[in-house]
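Single-structure report; data block below.
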Number of protein chains: 2
Amino acid sequence: MAKLPTIKEIAKRLHVSPSTVSRALHDHYSIGLKTKTMVQQLAKELGYEPNQTAIFFQQNKTFTIGVILPELSEAFFSTAISGIEDTAHKNKYTVLLGQSHDDEDREKTIVETMKNHRVDGLIVSLAKNTVNYAHFEMLKKYNIPVVFFDRIPKLPNIHYVACNMESGTIQAVDFLLAKGHRIIGMINGPDKLFASQERVKGYMNALHKKRLKYDPNLLVSSNLTRAGTHAAMAQLLSLKRKVTAIVAFNDYVALDAVQYAREKKLKINKDIAFVSYANLPLSNYTAFPPLASVEQFPYLQGQKATETLLELLDSKEDKSSAYYKIILDSQLVVNKY
Amino acid sequence: MAKLPTIKEIAKRLHVSPSTVSRALHDHYSIGLKTKTMVQQLAKELGYEPNQTAIFFQQNKTFTIGVILPELSEAFFSTAISGIEDTAHKNKYTVLLGQSHDDEDREKTIVETMKNHRVDGLIVSLAKNTVNYAHFEMLKKYNIPVVFFDRIPKLPNIHYVACNMESGTIQAVDFLLAKGHRIIGMINGPDKLFASQERVKGYMNALHKKRLKYDPNLLVSSNLTRAGTHAAMAQLLSLKRKVTAIVAFNDYVALDAVQYAREKKLKINKDIAFVSYANLPLSNYTAFPPLASVEQFPYLQGQKATETLLELLDSKEDKSSAYYKIILDSQLVVNKY
DNA sequence: CTGTTAGCGCGTTCAA
DNA sequence: TTGAACGCGCTAACAG
């Protein structure tokens, strides 16, 4: 309960001026050794600690970065935030957290809150249904830089970190081809998703490289519900050409697809093999994990995004109209067992 | 880049005093309608927004609560923080995040950081190996209340929210007994863990209620590694009395145990059934999920913890030496399918 | 109804 | 080597 000591307090006790105390505590060169030690001594005794809120206020800088994510219970994001938080922490920054729960309005109010709290910068992964970006563009006026990652707005002048799905997809198809599969299906996500388009590109690309022709029937899409995935599976399994391997849009899709296949009495990894994109942790716990997963490095993305933001913050007012676009390559990881 | 307008600025333009502006913006009763509307009008035009850091500083209150968790990639904690964040958000508070990664030193520095940032209060789930609580007790001097949840220090005068494992364990054993099982094993965690002790109590209690006698051989413990769990399974399966059901310390243990059982050619849910404590999301994805899970309500715990903290913050300086101890009852949830 | 003054705690001129 | 004075933006006590 005892009030925390302030610089003034120390000054009074020592019969010196507050500025002397301030300087002494900062090891300012122009302070006599005696006074300096005297001040530092008493400061320690009293347990003096600078009032950060005063400093934030006065310096107009909070050493705080705001992080807005859709959903922390998604493994992808909870891993990503570890990367963010660790990097921030390492650089003496602090993380203000907000979840949009994939709701644009909520996202808006969070941006507002963060702006009010005077965060130095923002790291954002968009809510699924955000179509209006005004609440982000407005931040320019306040000179609050934003780095997006993973879910990125379609805007020209932004900083972002993302992971290219095409490379991983190529690797995935290559992997299946190497295993001898020739009829490889793909259960993609909704067509309009950029992530879906990248997957298609990778798929085609891999086939093309091997001079295999592309059969549009092998490309189906799911609305990402279980039912949607089951429907997609039904479509694939009804083809005359027998599909022996499937690239699934993500782990959820893969698990639903596996479930469907098992219901149809197909032997997983014998009659049909799966490859997926990692967003669940326990491939090694589930009985029939995908043979391999395309890894998107969420921790690394978080880390890169934070480093980028910190760079932006350091290069004071640089107004350099350069925009960071960091694109990692996804990578296939073959599951053991 | 244009400097944000301040109260002073508005005052100057309108040839009134800053305090008038301040009051007008706050709808103070003593301000004339004309001036009030005039001020509010210009404020809107100029896009005035109060500088929170100034207010924080002046009010000595930040509307920020610090949250320290071991690991966000644990589903339990990422769900918990949703409860925390949602509740905080609802009450105009903001969440400052820190992960200890189960490291006591890191935990300490985070506490320090949060104190410096002048959080109004703290919500903490302890790092696994934290044995020294000085960094938390010190907070009393700074008048920063702490509410612990789930992982709680052994200290007398603290606020906390926890979940009682005994009730859920009783329900779990009851459930198995009702299914006809008589030889029910338990793979517990390390003996010294409070959580383990509660589980044992529940186990014994359930048997006792049904006047069944307790066989100590049925109670084994795992160090929570896969190997440890396999060893525990080996021990249980080597017994002369054939174990037909097992209560596993948590989902990880359950999955490892299931894996072991399958290796030994046991039919899951036929030869042997499992019940577990929920800490993984996708029981319904894994091929052989536990029949039922003891739910610990992480979201609710986070919510309760936050509500408790906010209450503490509201009851200004109440110094009421009452300590909140909120204990939820865990509850068995039978998995569909 | 409105203006003046003061002060939150700190860093930073400018002067001595 | 030190001190006095000022200002960051805002609220509040005190006058009028």
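Here the structure is a predicted model, which is why all the values come from computation and not from measurement. Letters go in sequence order (proteins before strands), and every chain restarts at 1.
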Say whether, by atom type as modelled, one donor and one acceptor occur between the side chain of A:Thr62 and the main chain of A:Arg118 under 3.5 angstrom.
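Checking the backbone N and O of A:Arg118 against the side chain of A:Thr62, a donor-acceptor pair under 3.5 Å is found.
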
What is the distance, rounded to the nearest whole Å, between atom [atom1] of [X] and atom [atom2] of [N]?
{"X": "A:Met38", "N": "D:dT1", "atom1": "CE", "atom2": "C1'", "answer": "12 Å"}
{"X": "B:Ile10", "N": "D:dT11", "atom1": "CD1", "atom2": "C1'", "answer": "15 Å"}
{"X": "A:Ile31", "N": "D:dG3", "atom1": "CD1", "atom2": "P", "answer": "8 Å"}
{"X": "B:His28", "N": "C:dG3", "atom1": "NE2", "atom2": "P", "answer": "14 Å"}
{"X": "A:Lys34", "N": "D:dT2", "atom1": "NZ", "atom2": "P", "answer": "7 Å"}
{"X": "A:Leu33", "N": "D:dT2", "atom1": "CG", "atom2": "C1'", "answer": "15 Å"}

When you check the phosphate oxygens OP1 and OP2 of C:dT2, does a side-chain N or O of B:Thr20 lie under 4.0 Å from one of them?
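B:Thr20 to C:dT2 OP1/OP2: no side-chain N or O under 4.0 Å.
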
Q) Taking NZ, NE, NH1 and NH2 as the nitrogens, is one of them in A:Glu49 or B:Lys115 under 4.0 Å from a carboxylate oxygen of the other? A)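 The answer is yes: the pair qualifies as a salt bridge.
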
### Message
Less than 4.0 angstrom from a charged side-chain N to a carboxylate O is my criterion; do B:Arg106 and A:Glu85 meet it?
### Response
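Judged by the 4.0 Å cut-off on N to carboxylate O distance, B:Arg106 and A:Glu85 do form a salt bridge.
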
Run the side-chain contact (heavy atoms from CB on, under 4.5 Å) test against B:Asp105 and tell me which residues pass, sequence neighbours left out.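 With neighbours one apart ignored, the set is B:Asp103, B:Lys108.
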
ask   = When all nucleic acid strands are considered with a 4.0 Å heavy-atom cut-off, which category describes A:Thr35: base, sugar-phosphate, or nothing?
value =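 Sugar-phosphate, no base atom in range.
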
Open item on the list: Would B:Lys140 pass as a cation-pi partner of B:Tyr142, given that its NZ or CZ must be under 6.0 Å from the six-membered ring centre and within 45 degrees of the axis?
Closed with: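 Output no; distance or angle outside limits.
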
Inset, instruction - Please state whether the rings of A:His159 and A:Tyr324 are parallel, tilted or perpendicular, taking 30° and 60° as the class boundaries. - result: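 Plane angle between 30° and 60°, so tilted.
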
Collect all protein-nucleotide pairs involving nucleotides 9-12 of chain C in which both atoms are nitrogen or oxygen and the distance is under 3.5 Å.
residue: C:dC10; atom: OP1; partner: A:Tyr48; partner atom: OH; Å: 2.5
residue: C:dC10; atom: OP1; partner: A:Asn51; partner atom: N; Å: 3.3
residue: C:dC10; atom: OP2; partner: A:Ile7; partner atom: N; Å: 2.7
residue: C:dC10; atom: O2; partner: A:Gln58; partner atom: NE2; Å: 3.3
residue: C:dG11; atom: OP1; partner: A:His26; partner atom: NE2; Å: 2.7
residue: C:dG11; atom: OP2; partner: A:Ser22; partner atom: OG; Å: 3.1
residue: C:dG11; atom: OP2; partner: A:His26; partner atom: NE2; Å: 3.4
residue: C:dG11; atom: O4'; partner: A:Gln58; partner atom: NE2; Å: 2.4

